[in-house]
Amino acid sequence: MFGSRAGFVMAAVGSAVGLGNMWRFPYRTAEGGGAAFVLLYLAMTFLIGVPMMVAEFGVGRRTRLSSVGALRAVGGGVWVPLGYLFVLTSLLIVAYLSVITGWTIRYALDGLVAGYSATPGARYDEVSTGSTAVLFHVLVMGVTTGIVWLGVKKGIERASLILMPILFLILISLAVWAATLDGAGSGYAFYLTPSLSALMDPVVIQGAASQAFFSLSVGMGIMLTYGSYLSGKENLVREAVIVSLADFSVAFIAGLVVFPVIFALGLSDEVTESTMGALFISLPSAFGEMGAIGRVVGVSFFVALALASITSTVSLLEVVGAVGIDEFKFTRRTAALLAGALATVIGVLAAMSGDVLGVLDKVAGEFFVVVGVLGMSLFFGWRMTEPGGEVAAGASPGIARSVPALVFLIRYIIPPVLAVLAWVAFRDMVNTVAG
Ligand code: PFF
């Protein structure tokens, strides 16, 4: 159980905020054409993400079990495959998030050792694929596996909770600094002026939904597990709204740094060539512009980001390891080693080829999370008895009155919408992988 309400909210915010906000959001926004993507992402966060976070908290609190066990206890054996989908999603995501965490550490070292490069595009190519990327990925997976093996998450979680506000402060200062740059205006225009036609593009809509789920950590059984540590007193809706607001704000502010910098410093070509590098091309350039202070700020930023990311890799590897322990009766050590080894091997492929990384992100980060959320909405809406009662427990009278509307949304609106989006994601994935 969580010691306090604040402890729970901080832990859930800790899981939500990470590379999904800083790395993935700017990169997907750049690919999605800018402002329309941002607007759709905002809508998806609050119209689907919040209700589904409430649903996951609710299932967890009702059953007091983690994902596979909760699904089996309430729904029986037919729901177990959904639990395994969560495991597979987590395994694939940890594999490539580890690679990107490795880039983060590499960029921290750049600042320490040599200062930030004047040719950010070329530097990104060196850092992101090849032997350096493999090396740092293996290092991150080693640390991650070690933490899961020893079961010592506490220290690292505490460190990241302290570093999170630092990260946030640096990000805000950078956004203010970026606003003073000549030429920042075209960055804001790209980021904040939506085009109507893009708002209707099914692939962009689906991408925004996936981004919202990835960023909120829903659709992977993670928030369900957090919910299992809650008592009956918490107001699930209020907590989900707070976590989502925090998560959205961090992503939005990251964009307020990345896009003005890209346009003001003339990095559009480099970023168009490798959208995935949007953060890693723009930030070091910004730090480079700031002289000696830039090195200090840059190193602090990347170190804090690396630590925040390691809490993500640890929690994802835990999802995989926990199934080894609960379902296959492995010891914690065996489960950690097996899960860690698998993720290391898959990640090495992603560290050697940006295309493999892109495919993994498409398959797990775009398609599987949507299917996971779809499964969860059906489970919560149709399989759990009295889902509304669980949500209403602990809610204020005002929120309790709106619970039937929330349940209606999860039963009748969200599943068909997600079924369509899953189909869109599937087609897009097949096209990408085939192409
Ligand atoms: N939500 C995290 C992020 O946005 O970086 C990613 C993540 C962490 C997803 C942990 C799932 C998870 F279990």
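Residues take their numbers from the sequence shown, with the count starting at 1. Everything numeric in this text was worked out from a predicted model, so none of it was measured. Counting convention: from 1, in listed order, for ligands and their atoms alike.
Within ligand 1, counting atoms from 1 as listed, the ones closer than 4.0 Å to a heavy atom of Gly18 are 3 (C), 5 (O). For ligand 1, the atoms lying closer than 4.0 Å to a non-hydrogen atom of Asn21 are 4 (O). Near Leu19, the atoms of ligand 1 lying under 4.0 angstrom from a non-hydrogen atom of the residue are 5 (O). Using a 4.0 Å cut-off to heavy atoms of Ser312, the atoms of ligand 1 that qualify are 8 (C).
Backbone and side-chain nitrogen or oxygen atoms of Asp247 are examined, and none is located within less than 3.5 angstrom of a nitrogen or oxygen of ligand 1. Of the N or O atoms in Ser315, none lie within a sub-3.5 Å distance of an N or O in ligand 1. In terms of N/O distances under 3.5 Å, ligand 1 is approached by Ala16. Here's the thing with Ser15: one of its N/O atoms is less than 3.5 angstrom from an N/O atom of ligand 1. Considering backbone and side-chain N/O of Phe214, one or more are found under 3.5 Å from N/O of ligand 1. Between Leu216 and ligand 1, no pair of N/O atoms sits closer than 3.5 Å. The shortest N/O to N/O separation between Ile222 and ligand 1 does not fall below 3.5 Å.
Judged by the 6.0 Å distance and 45° axis criteria, Arg411 is positioned over the aromatic ring of Trp382. Tyr116 does not carry Arg295 over the face of its six-membered ring by the limits of under 6.0 Å from the centre and within 45° of the normal.
You'll find the side chain of Leu279 stays beyond 4.5 Å of the side chain of Tyr27, heavy atoms only.
Annotation: atom 7 (C) of ligand 1 to nearest protein heavy atom, Ser217 OG, 3.7 Å. Of the protein's non-hydrogen atoms, the one nearest atom 5 (O) of ligand 1 is Gly20 N, 2.7 Å.
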Practice prompt. Verify ring pair (Phe, Tyr, Trp, His ring centres under 6.0 Å) between Phe190 and Phe263, making sure each step is shown before the conclusion.
Written response: CA-CA 9 Å; Phe190 176 81; Phe263 283 82; 5.7 Å; yes
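Paired with Ser309 under the rule side chain to side chain contact (heavy atoms under 4.5 Å, CB included), one option of Ile100, Thr144, Thr101 passes, and it is Thr101.
If you look at Arg24 next to ligand 1, there are no close heavy atoms at all, none under 4.0 Å.
Counting heavy-atom neighbours within 6.0 Å of Phe426 CZ, excluding the residue itself, gives a total of 12 or less.
Under the 30°/60° scheme for interplanar angles, the aromatic rings of Trp23 and Trp103 are found to stand perpendicular.
Outside the 6.0 Å centre-distance limit, the rings of Phe8 and Tyr229 are not counted as a close aromatic pair. Separation of the Tyr41 and Phe248 ring centroids falls under the 6.0 Å cut-off.
Of the candidates Ile93, Ile100, Leu316, Thr89, Leu316 brings a heavy atom nearest to atom 11 (C) of ligand 1.
For Glu239 and Lys233, the salt-bridge test fails: no basic side-chain N is under 4.0 Å from an acidic carboxylate O.
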